[in-house]
Protein chains: 2
Amino acid sequence: MQESYIDLRIARTKSAIRDALTKLIEEKGFESLTVKDITTRAGINRGTFYLHYRDKYDLLKKCQKEIMDDISKIVQKGFLRDIVSKNSATIPFHFSVSIFEYLDKHGDFMKALLGPKGDLSFHNMWKSVFENNLNNFIKRENLLVPEEYLISYIASAHLGVIQQWLHNGRKESPKEMAKILSSINLNGPIVAAGLKND
Amino acid sequence: MQESYIDLRIARTKSAIRDALTKLIEEKGFESLTVKDITTRAGINRGTFYLHYRDKYDLLKKCQKEIMDDISKIVQKGFLRDIVSKNSATIPFHFSVSIFEYLDKHGDFMKALLGPKGDLSFHNMWKSVFENNLNNFIKRENLLVPEEYLISYIASAHLGVIQQWLHNGRKESPKEMAKILSSINLNGPIVAAGLKND
DNA sequence: AAATCAATCAACACTGTGTTGATTAGAAAA
DNA sequence: TTTTCTAATCAACACAGTGTTGATTGATTT
């Protein structure tokens, strides 16, 4: 079996483009960077960029799609496991760990895109992932507050913690982070803040 | 006392520009819109725009600064009240109501800027407001989780609920929204979701 | 009614875009 | 190795939007 479906030149060019993209997003933010910036940084001709991507938005979209496809697989795995275990009393801990492990693996790119100069639509994709997941676990009969606000609350909170973790340089392990999240979720932020002895 | 410090023509032009900005952000997002778009929509000459703003970023910055100045005043008022009442056991309810009332008053602009096609730096400004406020209320001795993650969690969660509320057309009253937030904060999201009887 | 100054308009150079066609060079296949 | 591909290069193009200029118009103020 021949493995040479990809030309080495293409692989080199593409990874140079994506490395340049990651760095430039952190430096000046996605909207401020130009195709010229990317190709200069990547050390390739500007025309070459257009052989692979329609424009900088197309590049970003393709990078993000790869990420979200991976995440879908992780979500599916977690979903199957939960069907088996039938334990939906808490936001699944193992799913949470898997997510942090994935984020860790793609740390630089994630930090750039989920950071303060990142891409808002990518933020929203992540929120949607959490929102969809929450829909599978919420018991609609017992809600103390409107479902939509509860879901927004949790999804945004989780994204916020992830962003903070990426910003801090990912010092805590994925397991530690999952524990922190589940601790706040279970006790509630007020108890976690030590403002109420429950 | 003469009130005519501002020329009517300037006032008209500026409000036309800001109305156009609000609508265009909702339609195509801030980054995609051009100065030409704004002036065409506002019915003014493109050159006129540059008499008032350096570029579209300057316009956005000035709009946002007005908002954040107002918010600072609201925060200060709340802070003074809390010094008097000494009741810091909960995230202050009245502060929360004031914020929702302010957001309601500037609903269209807020929805545009805090929405999915809005401006990330404005999102971050709001998060900072919440984070700074939380720093005044957290008891650092009793924390169950690292302070920074707890703060990120709450700040992001609150912004998320606000965004959802703006997106939904602000159907609930500011008081209702403040109640919803404090309910989740006090009980914790898991209890609020009916997944644990506490 | 006169003075003031915001707004208009046309023209300018400049930067980045996306596409073209001819050429070069490096990877794959013989 | 040599030959064959084809990715990458390069220069040139029209086009969009930018930010600035100087002369002119006209609404508002005094």
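Below, read A as the first sequence line, B as the second, and so on, with proteins coming before strands; counting in each chain starts at 1.
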In whole angstroms, how far is the [atom2] atom of [N] from the [atom1] atom of [X]?
{"X": "A/Leu8", "N": "C/dA29", "atom1": "CG", "atom2": "P", "value": "11 Å"}
{"X": "A/Ile44", "N": "C/dG26", "atom1": "CD1", "atom2": "C1'", "value": "16 Å"}
{"X": "A/Lys56", "N": "C/dG16", "atom1": "NZ", "atom2": "P", "value": "12 Å"}
{"X": "B/Ile38", "N": "D/dG17", "atom1": "CD1", "atom2": "P", "value": "13 Å"}
{"X": "A/Phe49", "N": "D/dT9", "atom1": "CZ", "atom2": "P", "value": "13 Å"}
{"X": "A/Tyr53", "N": "D/dA8", "atom1": "OH", "atom2": "P", "value": "11 Å"}
{"X": "B/Leu51", "N": "D/dT21", "atom1": "CG", "atom2": "C1'", "value": "12 Å"}

Between [options], spot the one nearest the side chain of [X], thanks.
{"X": "A/Thr34", "options": "C/dT17, D/dT18, C/dA28", "answer": "C/dT17"}
{"X": "B/Asn45", "options": "C/dC9, C/dA7, C/dA27", "answer": "C/dC9"}
{"X": "A/Val35", "options": "C/dT17, C/dT8, D/dA7", "answer": "C/dT17"}
{"X": "A/Ile10", "options": "D/dT9, D/dA7, C/dA11", "answer": "D/dA7"}
{"X": "B/Lys36", "options": "D/dG17, D/dT28, C/dA7", "answer": "D/dG17"}
{"X": "A/Arg12", "options": "D/dT29, C/dA27, C/dT8", "answer": "C/dA27"}
{"X": "B/Tyr50", "options": "C/dA27, D/dG19, D/dT9", "answer": "D/dG19"}

Next item on the list: Could you please name the partner base of D/dA14, counting Watson-Crick and G-U wobble pairs only when both distances are under 3.5 Å?
Entry: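 Answer to the pairing question: C/dT17, which forms a Watson-Crick or G-U pair with D/dA14.
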Between [X] and [N], is there a contact of a side-chain N or O with OP1 or OP2 at under 4.0 Å?
{"X": "B/Arg46", "N": "D/dG17", "result": "no"}
{"X": "B/His52", "N": "C/dA6", "result": "no"}
{"X": "B/Thr48", "N": "C/dA6", "result": "no"}

Next item on the list: With rounding to the nearest 0.5 Å, note down the distance linking CG in A/Asp69 to CD1 in A/Ile74.
Entry: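 A/Asp69 atom CG to A/Ile74 atom CD1 measures 11.5 Å (nearest 0.5 Å).
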Next item on the list: Hey, which sits more toward the 5' end of DNA chain D by its nearest nucleotide, B/Asp55 or B/Arg9?
Entry: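 So the residue in question is B/Asp55.
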Note to self: Can you confirm if the NZ or CZ of A/Lys117 lies within 45° of the ring axis of A/Phe30 and under 6.0 Å from the centre of its six-membered ring?
What the structure shows: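 That pair does not qualify as a cation-pi contact.
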Note to self: Could you check D/dA23 for me: syn (within 90° of 0) or anti?
What the structure shows: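 In terms of base orientation relative to the sugar, D/dA23 is anti.
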Margin query: Between B/Asn185 (side chain only) and B/Leu181 (backbone N and O only), is there a donor and an acceptor less than 3.5 Å apart?
Written below: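 Yes: the side chain of B/Asn185 pairs with the backbone of B/Leu181.
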Notebook entry, point to check: So, B/Lys111 side chain and B/Gly169 main chain: donor-acceptor pair closer than 3.5 Å or not?
Noted result: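 Absent.
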Item checked: Check: A/Arg54 side chain, C/dG18 base, donor-acceptor under 3.5 Å ->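 Flag unset: no donor-acceptor pair detected.
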Next item on the list: In plain terms, say whether A/Glu176 and A/Lys171 are close enough for a salt bridge, that is, a side-chain N and a carboxylate O under 4.0 Å apart.
Entry: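 A salt bridge is absent here (no side-chain N lies under 4.0 Å from a carboxylate O).
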Check: Hey, is A/Lys62 close enough to A/Asp58 for a salt bridge, meaning N to O under 4.0 Å?
Finding: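 Counted as a salt bridge, because a side-chain N and a carboxylate O are separated by less than 4.0 Å.
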Notebook entry, point to check: Which residue lies toward the 5' end of DNA chain C, A/Gly47 or B/Gly47, if each is placed at its nearest nucleotide?
Noted result: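 So the residue in question is B/Gly47.
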